[in-house]
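Lettering follows sequence order; numbering is per chain, from 1.
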Amino acid sequence: MNITSSCNLPFPIKIFLNSRSNFLKKMARLRIKDILTTTPENQQITVKGWVRTFRNNSFIALNDGSTNNNLQVVIDFNNVPEETLKRITTGAAVQATGILIPSLGKGQSVEVKAESIEIIGDSDAEKYPLQPKKHSLEFLREIAHLRFRTNTFGAVFRVRNSLAFAVHKFFNEKGFLYIHTPIITSNDAEGAGEMFHVTNFDIANPPKDENGNVDYKQDFFGKATNLTVSGQLEGELAAMAFSDIYTFGPTFRAENSNTARHLAEFWMIEPEMAFCDLQDNMNMAEEMLQYVIRYALENNKEDIEFLSQRLEEEEKQKPQNERSEMTLLQKLQFCLDNKFERVTYTQAIEILRESNHNKKKKFQYLVNEWGVDLQSEHERYLVEKHFKKPVILIDYPKEIKAFYMRQNEDGKTVAAMDILFPGIGEIVGGSQREERLEKLETRMKEIGIPAEELDWYLDTRRFGSNPHAGFGLGFERLVLFVTGMTNIRDVIPFPRTPKNCEF
RNA sequence: UCCUCCUUAGCUCAGCCGGUUAGAGCACAUGACUGUUAAUCAUGGGGUCCCUGGUUCGAGCCCAGGAGGGGGAGCCA
């Protein structure tokens, strides 16, 4: 492909974008991932990357982020100026040109015998916080701008990238339309969580109305606005035209949640499907989860193997009874090989009530009657002890679920579904939506949601309403599961949590 | 927000019953060695013991308040 510049430049510019290899030729740089799988035939190559370790005044372990594996660059220190040798430090950016040969040492198949070495960017060894040793995840979280350069976070964020790409690939192949729902919203009637306010006011001195209340009519949008907690309602509008849509964007919750599973800013995937019931919804969610996990396993094998081994090492520190029965790799494979278990809320309550765990009063909250919300200890028991696989729980009591969920014929439950994963808990929350206008209006009235504010939403039930369904998938929780990490702050580049908004 | 544990060198951690000059490994600096794999060996520099106040002849250690972090819970994805 040739692109001729259409800008008003004094001379024509031609940019050639034939392929990735041309792009790299222009950069005169090969990616380490590609070099490591190249047959060494004494070809001359140039590599650029960051020094991980420098051993014996001769061996540079070079990494450019394309893979967790380092390329060994061998220099002859007798032919390199003392001044340059001293500048080959952990973290420094260097360029090496030399010939690719089969490695003379063990531990790697190829290496570069350097003919020239150049320091592109120095790294003061005394000040650079990363050392060639194990660091705690907590410490690395404080230097999140540098943790990308570690093995663990390198693997985590390459897997995250693959999962994000696989999500788009999956929906694209299914014929779904990717739609961008707004980040700033004015509706506060969803009740999905505490919201962050968006305002242009001088917060020390906002304008007041005649009653002494803050006068949002004078604010930027002429009304009170917030950051979105869900794109679902807008997603439903789009699904009522395009049939199958999905969103994948940032979501904000101002809840004071201090757990390893919550973020104030996270990414959520929300498909919405017209002419679709709860069964179709469950099938779609299961197929999608298996698709993206398979994609990551196939495309990030080395990264996931590394993370799996890392986890095994970590587990060795734990007492025997706390160790997991499967490795990360086995767990992921298990998810692909087995159907998710589907049970109703009512069945789940029965299982829990009859469990020895409940009878021996090992639950902090004992399960006695139908209608109570399940505690995370109950969910964990179902997933990790009883079924030992992902579980889809459906048909919850309407009292503990959102107003827009479709009311079942029994008058007590709604067509909700939660997908629970081992170690993570709820990874998907979804439902078939209430498409019958009168039922929806009655329910909104019952729980005190003003219909005027959601009139635009109710229009979908007035004009061509139909059974439809969708769900929300917490992207970071998916990344947690696939990487085997345990704290959600370690699977998003720059985590935002209560009292923490660095970088 | 609640319960619980933690905070000592750049990192990971030890520090006895409250006692005199606060230690180790790694990292870093200098030197030696030179096919190493978190190289090795020798020598050296490096401390607001989280902060504030209190008890005491004396506090890294005891008490109170605060900040930050981990684990668990609630809310949820």
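The gap from the C1' atom of rC16(B) to that of rC62(B) amounts to 16 Å, rounded to the nearest Å. Across the P atoms, rC50(B) and rC11(B) are found 13 Å apart, a figure rounded to whole Å. Separating the C1' atom of rC61(B) from that of rU56(B) is a span of 13 Å, rounded to the nearest Å. The gap from the C1' atom of rA59(B) to that of rG19(B) amounts to 10 Å, rounded to the nearest Å.
Scanning atom types as modelled, one donor and one acceptor separated by under 3.5 angstrom connect the side chain of Q131(A) and the base of rG10(B). Residue side chain S257(A) does not reach the base of rC76(B) through any donor-acceptor N/O pair under 3.5 Å, judged by distance alone. Counting distance only, with no hydrogens placed and no angle test, the side-chain atoms of H135(A) and the base atoms of rC11(B) include no donor-acceptor pair under 3.5 Å. Judged by distance alone with a 3.5 Å cut-off, a donor-acceptor contact links the side chain of E111(A) to the base of rG35(B). The base of rU1(B) is not paired with the side chain of E255(A) by any donor and acceptor separated by under 3.5 Å.
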Pairing string of RNA chain B (Watson-Crick or G-U wobble, both atom distances under 3.5 Å; | = paired to other strand) is (((((((..((((.....[...)))).(((((.......))))).....(((((..]....))))))))))))....
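Contact annotation: Q375(A) side-chain N/O to rG74(B) OP1/OP2 distance is under 4.0 Å. In terms of phosphate contacts, T53(A) brings a side-chain nitrogen or oxygen within less than 4.0 Å of OP1 or OP2 of rA39(B). Contact annotation: N56(A) side-chain N/O to rG35(B) OP1/OP2 distance is not under 4.0 Å. A close approach under 4.0 Å does occur between a side-chain nitrogen or oxygen of N487(A) and OP1 or OP2 of rG71(B). Taking 4.0 angstrom as the limit, R380(A) places a side-chain polar atom (N or O) nearer than this to OP1 or OP2 of rA73(B). For the OP1/OP2 pair of rG74(B) and a distance below 4.0 Å, the side-chain nitrogens and oxygens of S376(A) include at least one atom meeting the criterion. Dashed line: the shortest gap from a side-chain N or O of R141(A) to OP1 or OP2 of rG70(B) is under 4.0 Å. Note on R55(A): a side-chain N or O is less than 4.0 Å away from OP1 or OP2 of rA39(B). The side chain of S58(A) contributes no N or O atom lying less than 4.0 Å from OP1 or OP2 of rG35(B).
Put simply, the side chain of S58(A) gets close to the backbone of N56(A): a donor and an acceptor are under 3.5 Å apart.
Taking atom CD1 of I488(A) as the reference point, atom C1' of rC76(B) lies 10 Å away to the nearest angstrom. We find that CG of L85(A) is positioned 15 Å from P of rC33(B), with the value rounded to whole Å. Going from atom CD of E313(A) over to atom P of rA38(B) covers 12 Å, rounded to whole Å.
Stacking here means ring centres nearer than 5.5 Å and ring planes tilted less than 30 degrees, and by that measure F59(A) does not stack onto rA39(B).
Distance from the side chain of K133(A) is smallest to rU12(B) among rG74(B), rU12(B), rU36(B). Of all nucleotides listed (rU37(B), rA77(B), rU34(B)), rA77(B) comes nearest to the side chain of E426(A). Here rU37(B) is the nucleotide among rU37(B), rC28(B), rA77(B) with the atom lying nearest to any side-chain atom of K106(A). Distance from the side chain of P132(A) is smallest to rA38(B) among rA38(B), rG70(B), rA73(B).
The number of heavy atoms from other shown groups lying within 6.0 Å of CD (Q44(A)) is above 12.
Base engagement by Q108(A) is indicated by at least one non-hydrogen atom pair under 4.0 Å involving a base atom.
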